[in-house]
Amino acid sequence: MATSRCFLLLPISLNLPNCNGNSSKRQRRVHNHASRITCSSTTNQSQSAKQELLNLMADQDRGLKTQKDPNKRSSIIKAIDDMAVLGSDMVTTGDSLSATWRLLWTTEKEQLFIIEKAYLFGTQTGDVLQVIDVEKKVLNNVITFPPDGVFFVRSNIEIASPQRVNFRFTSAVLRGKNWEVPLPPFGKGWFETVYLDDEIRVVKDIRGDYLVVERAPYQWTE
């Protein structure tokens with residue numbers, strides 16, 4: 001896990017006689033053992049909930065199929081809410097947020113429209129990415145059209161809380177192999193990373209949309 005905290009869920013009160021001065025040592029050993037059990041239990045819960053979410057999304061074509069299946073949508077959102085509960089004490093806006101994140105599933109209609117309709121422009125959608133650099137305070141939303149096309153929106157970001165990031169779009173670019181069309185900046189908002197680990201990130205945003213992404217095996221750059 002990138003960030004997590006383990007709480008002692010097994011309350012143990014020990015009022016032992018001080019035999020040979022070893023009472024406090026025994027208490028510490030029991031406390032440490034219980035803490036390890038709780039940490040292991042929390043980790044197991046997270047892994048189980050994450051696998052459930054991944055299984056639900058696996059055949060949903062990044063969210064395209066979910067648009068026509070309200071029952072599946074409800075199941076996925078419930079799984080996301082379960083992940084948010086497990087991640088409620090995480091700090092998800094630190095250095096571990098910096099990465100190239102690849103889309104697994106979303107409810108964002110604009111992204112899904114582009115993914116679905118790219119064929120109308122004689123192309124297909126490749127990876128859909130969110131590239132974040134916390135130190136530099138920048139975010140790029142990227143949609144690729146292999147082999148050479150890309151549409152990306154640049155943003156400035158500001159850490160607002162342990163899980164919330166504010167953003168403001170600054171510019172957008174539609175780029176082909178030998179051409180580039182700049183587009184005006186538009187919009188601002190925030191998103192909350194409600195769960196984060198070494199593999200995935202789960203997000204809710206200002207519009208009530210959901211996003212699940214994985215760490216891409218490469219770093220995208222302009």
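Please read these numbers as outputs of a predicted model, since none were measured by experiment.
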Would the distance check show the side chain of [X] and the main-chain N or O of [Y] forming a donor-acceptor pair, the cut-off being under 3.5 Å?
X: Ser74; Y: Pro70; value: yes
X: Asp205; Y: Arg207; value: yes
X: Glu214; Y: Glu199; value: no
X: Thr123; Y: Tyr119; value: no
X: Glu192; Y: Ile206; value: no

Can you see which heavy atom on [X] is nearest to which on [Y], and at what distance?
X: Ser46; Y: Tyr195; value: CB-OH, 3.8 Å
X: Ala99; Y: Arg215; value: CB-NH1, 3.6 Å
X: Arg102; Y: Pro217; value: NH2-CD, 3.5 Å
X: Leu196; Y: Ser96; value: CD2-OG, 3.1 Å
X: Thr93; Y: Pro162; value: OG1-O, 3.1 Å

Open item on the list: Run the salt bridge (Lys or Arg N to Asp or Glu O under 4.0 Å) test against Asp148 and tell me which residues pass, sequence neighbours left out.
Closed with: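 Partners of Asp148 under the salt bridge (Lys or Arg N to Asp or Glu O under 4.0 Å) test: none.
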Task: Contacts of type salt bridge (Lys or Arg N to Asp or Glu O under 4.0 Å), residue Glu108, not counting sequence neighbours - done: none
Would you say the side-chain atoms of [X] and [Y] include a donor-acceptor pair closer than 3.5 Å?
X: Gln111; Y: Thr106; value: no
X: Asn156; Y: Thr170; value: no
X: Arg201; Y: Thr193; value: yes
X: Arg154; Y: Ser171; value: yes
X: Asp127; Y: Tyr218; value: yes

Mind checking whether [X] and [Y] sit in one hydrophobic cluster, side chains of I, L, V, M, F, W, Y counted as touching below 4.5 Å?
X: Val131; Y: Val173; value: yes
X: Val150; Y: Ile143; value: no
X: Phe151; Y: Trp179; value: yes
X: Phe113; Y: Leu129; value: no
X: Leu183; Y: Val153; value: yes

Open item on the list: Assess the residue pair Ile157 and Asn166 against the criterion (side chain to side chain contact (heavy atoms under 4.5 Å, CB included)); give the C-alpha distance rounded to whole Å, side-chain angles, the decisive distance to 0.1 Å, and a yes or no.
Closed with: CA-CA 6 Å; Ile157 61 172; Asn166 297 330; over 6 Å; no
Open item on the list: Applying the side chain to side chain contact (heavy atoms under 4.5 Å, CB included) criterion to Val165, which one of Ile132, Leu139, Leu97, Val134 satisfies it?
Closed with: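 Going through the options one by one, the only one that passes is Leu97.
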Are the side chains of [Y] and [X] in contact, using a 4.5 Å heavy-atom criterion?
X: Glu135; Y: Asp95; answer: no
X: Leu104; Y: Leu54; answer: yes
X: Leu174; Y: Glu180; answer: no
X: Ile200; Y: Val213; answer: no
X: Gln60; Y: Lys72; answer: yes
X: Asn141; Y: Phe152; answer: no
X: Asn140; Y: Glu222; answer: yes
X: Thr107; Y: Asp209; answer: yes

Going by an N to O cut-off under 4.0 Å, is there a salt bridge joining [X] and [Y]?
X: Asp81; Y: Lys204; answer: yes
X: Lys50; Y: Asp197; answer: yes
X: Asp69; Y: Arg73; answer: no
X: Arg62; Y: Glu116; answer: no

Inter-residue atom distance [X].[atom1] - [Y].[atom2], 0.5 Å rounding:
X: Ile114; Y: Phe121; atom1: CD1; atom2: CZ; answer: 8.5 Å
X: Ile76; Y: Lys78; atom1: CD1; atom2: NZ; answer: 13.0 Å
X: Ser75; Y: Glu52; atom1: OG; atom2: CD; answer: 8.0 Å
X: Ile115; Y: Gln124; atom1: CD1; atom2: CD; answer: 12.0 Å

TODO: Any chance you could lay out the side chain to side chain contact (heavy atoms under 4.5 Å, CB included) test for Val128 and Thr144, step after step, and finish with the verdict?
DONE: CA-CA 6 Å; Val128 178; Thr144 64; over 6 Å; no
TODO: Please step through side chain to side chain contact (heavy atoms under 4.5 Å, CB included) for the pair Gln130 and Val142, ending with a clear verdict.
DONE: CA-CA 6 Å; Gln130 196 172 65; Val142 182; over 6 Å; no
Task: Partners passing ring pair (Phe, Tyr, Trp, His ring centres under 6.0 Å) against Phe169 (at least two apart in sequence or in another chain) - done: Phe167, Phe186
Task: side chain to side chain contact (heavy atoms under 4.5 Å, CB included) evaluation trace for Trp105 with Ile80 - done: CA-CA 11 Å; Trp105 184 86; Ile80 287 175; 3.7 Å; yes
